[in-house]
Amino acid sequence: MCGGQQQVGEQELATKMLQIQSKRFYIDVKQNRRGRFMKVAEIGADGRRNQVFLALSTAAEFRDHLSLFSDFYANLGPPNPDTLPEDGKLKSETMVKDNRRYYLDLKENSRGRFLRVSQTIARGGPRCQIAIPAQGMIEFRDALQELLDEFGTDDGGYKGELPEGRHMRVENKNFYFDIGQNNRGIYMRISEVKTNFRTAITIPEKSWSRFRDIFADYVDKMKDGGEKGPSESNK
DNA sequence: ACGGCTA
């Protein structure tokens, strides 16, 4: 999920480039049907790329953390391996958005100090992380700020105002559609309700259009009546 | 002129 390709139906609204020491950072503001977000890509001196994705609201949170991290950094004494914690972390924060977790760690190693930003999706997926040289945190914060000034901090997703549920009766069956939201995002719950029996499935919003396509495909196939039934839909 | 010791 952290991988690199451009998604379909994704538009780029703005981009900003920053050179910090030997690295280049590209901060893109993008938009897809799920809302607006930033892609932060780090290009190393060797051309290697790392990136993380932040919803705009998370980007605003990150901007605030950056201010605090750079204050903290400004008040640090000179590097001292003797007082450095075992894990190399001088200060840590976390951010959470839907099912994504972000770890911000101001770290120190023999090369110096840097802010490591890592993003995790569920578990097992490829790791997304970037490292910002501590000296560049302010510059980075300012770049983030400029983009937030222009685009705001609203993710553009559905916040609070989910569509109404509905009911459908077909033949003798009752179906209910309910739209809900949990920490993993928006979902639709379809329940079939009888007097002594209730069953339901929960469908993540991300997949609704695929369900629609599959339904439409079957509807088309059944229209022509005849031999090619739905069972032939996989190929 | 870098380069960053789990998830």
Side-chain angles (χ1 to χ4, degrees), chain A residues 1-5 7 15-28 34 37-145 147 155 181-185 187 204 206:
Chain A
M1 252 315 175
C2 287
Q5 307 90 306
Q7 302 278 44
T15 186
K16 210 172 248 304
M17 196 271 271
L18 279 166
Q19 180 84 37
I20 300 176
Q21 298 176 356
S22 64
K23 290 177 175 175
R24 268 175 306 147
F25 291 88
Y26 290 92
I27 308 176
D28 297 335
R34 301 278 308 142
F37 61 97
M38 289 191 191
K39 182 180 90 172
V40 181
E42 167 203 289
I43 317 290
D46 56 0
R48 291 207 63 81
R49 161 185 290 263
N50 290 300
Q51 57 190 8
V52 298
F53 295 88
L54 306 157
L56 290 190
S57 60
T58 311
E61 206 180 327
F62 182 37
R63 174 251 284 140
D64 296 338
H65 285 310
L66 276 168
S67 299
L68 297 169
F69 272 102
S70 62
D71 286 349
F72 179 87
Y73 167 69
N75 292 318
L76 283 174
N80 180 354
D82 298 332
T83 61
L84 188 66
E86 186 73 18
D87 59 6
K89 294 176 183 173
L90 301 167
K91 178 179 167 66
S92 296
E93 283 291 347
T94 61
M95 303 188 294
V96 179
K97 170 72 179 176
D98 297 336
N99 59 343
R100 292 177 171 178
R101 270 193 115 71
Y102 300 86
Y103 298 87
L104 310 177
D105 299 297
L106 182 66
K107 302 194 72 179
E108 179 179 311
N109 65 15
S110 56
R111 295 273 188 189
R113 289 163 173 160
F114 59 98
L115 184 70
R116 189 183 64 185
V117 180
S118 60
Q119 171 195 347
T120 61
I121 315 206
R123 24 177 82 222
R127 205 170 71 230
C128 302
Q129 58 177 40
I130 59 174
I132 303 168
Q135 297 86 339
M137 288 193 295
I138 295 276
E139 192 183 347
F140 199 94
R141 197 259 331 260
D142 292 344
L144 226 44
Q145 179 64 59
L147 290 168
D155 300 332
Q181 185 167 26
N182 61 21
N183 62 343
R184 304 174 74 97
Y187 61 84
K206 288 188 235 284

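Numbered from 1 within each chain, the chains take letters A, B, ... in sequence-line order. Nothing here was measured: the structure is a model prediction, and the numbers come from that model.
In this structure, the CD atom of A:Q21 is 8 Å from the C1' atom of B:dC2, given to the nearest Å. Following rounding to the nearest Å, A:D105 (CG) and B:dG3 (P) show an atom-to-atom distance of 21 Å. The distance from atom CZ of A:R116 to atom C1' of B:dC5 is 9 Å, rounded to the nearest whole Å. Counting to the nearest Å, the P atom of B:dG3 and the CG atom of A:D46 are 7 Å from each other. Going from atom CZ of A:F114 over to atom P of B:dA1 covers 21 Å, rounded to whole Å. Taking atom CG on A:L84 and atom C1' on B:dC5, their separation rounds to 12 Å, with Å as the unit. For the pair A:D87 CG and B:dG4 P, the interatomic distance rounds to 18 Å; values are reported in whole Å. Computed from coordinates, the A:I20 CD1 to B:dG4 P distance equals 17 Å when rounded to whole Å.
Considering only side-chain atoms of A:R111, the nucleotide from B:dA1, B:dA7, B:dC5 that sits closest is B:dA1. Of the listed nucleotides (B:dG3, B:dA7, B:dC5), B:dA7 has the atom at the smallest distance from the side chain of A:K89.
Residue A:K23 places a side-chain atom within donor-acceptor reach of the base of B:dG4, judged by atom type and a 3.5 Å distance cut-off alone. Between the side chain of A:S22 and the base of B:dG3, at least one donor-acceptor pair of N or O atoms lies under 3.5 Å. In the interface, the side chain of A:E108 is not paired with the base of B:dG4 through any donor and acceptor atom under 3.5 Å apart.
Within the 4.5 Å cutoff, the side chain of A:Q51 has heavy atoms near those of the A:R49 side chain. Side-chain contact between A:Y102 and A:E61 is absent, with no heavy atoms from C-beta onward closer than 4.5 Å. Side-chain atoms of A:F114 and A:N109, non-hydrogen and from C-beta on, do get closer than 4.5 Å to each other. Contact of the A:F140 side chain with the A:V40 side chain is registered, since non-hydrogen atoms from C-beta on lie closer than 4.5 Å.
Among the protein residues, A:G112 comes within range of the nucleic acid bases, having at least one heavy atom under 4.0 Å from a base atom. Using a 4.0 Å heavy-atom cutoff across all strands shown, A:E86 reaches at least one base atom of the nucleic acid. Among the protein residues, A:A45 comes within range of the sugar-phosphate backbone only, with heavy atoms under 4.0 Å from sugar or phosphate atoms but none that close to a base. Across all strands, A:R113 comes closer than 4.0 Å to base atoms (heavy-atom distances).
Proximity of A:K107 to the phosphate of B:dG3: no side-chain N or O atom is located under 4.0 Å from OP1 or OP2.
Tested against A:D105 for a salt bridge (charged side-chain N to carboxylate O under 4.0 Å, His left out), the candidates A:K91, A:R113, A:R116 yield a single pass: A:R116.
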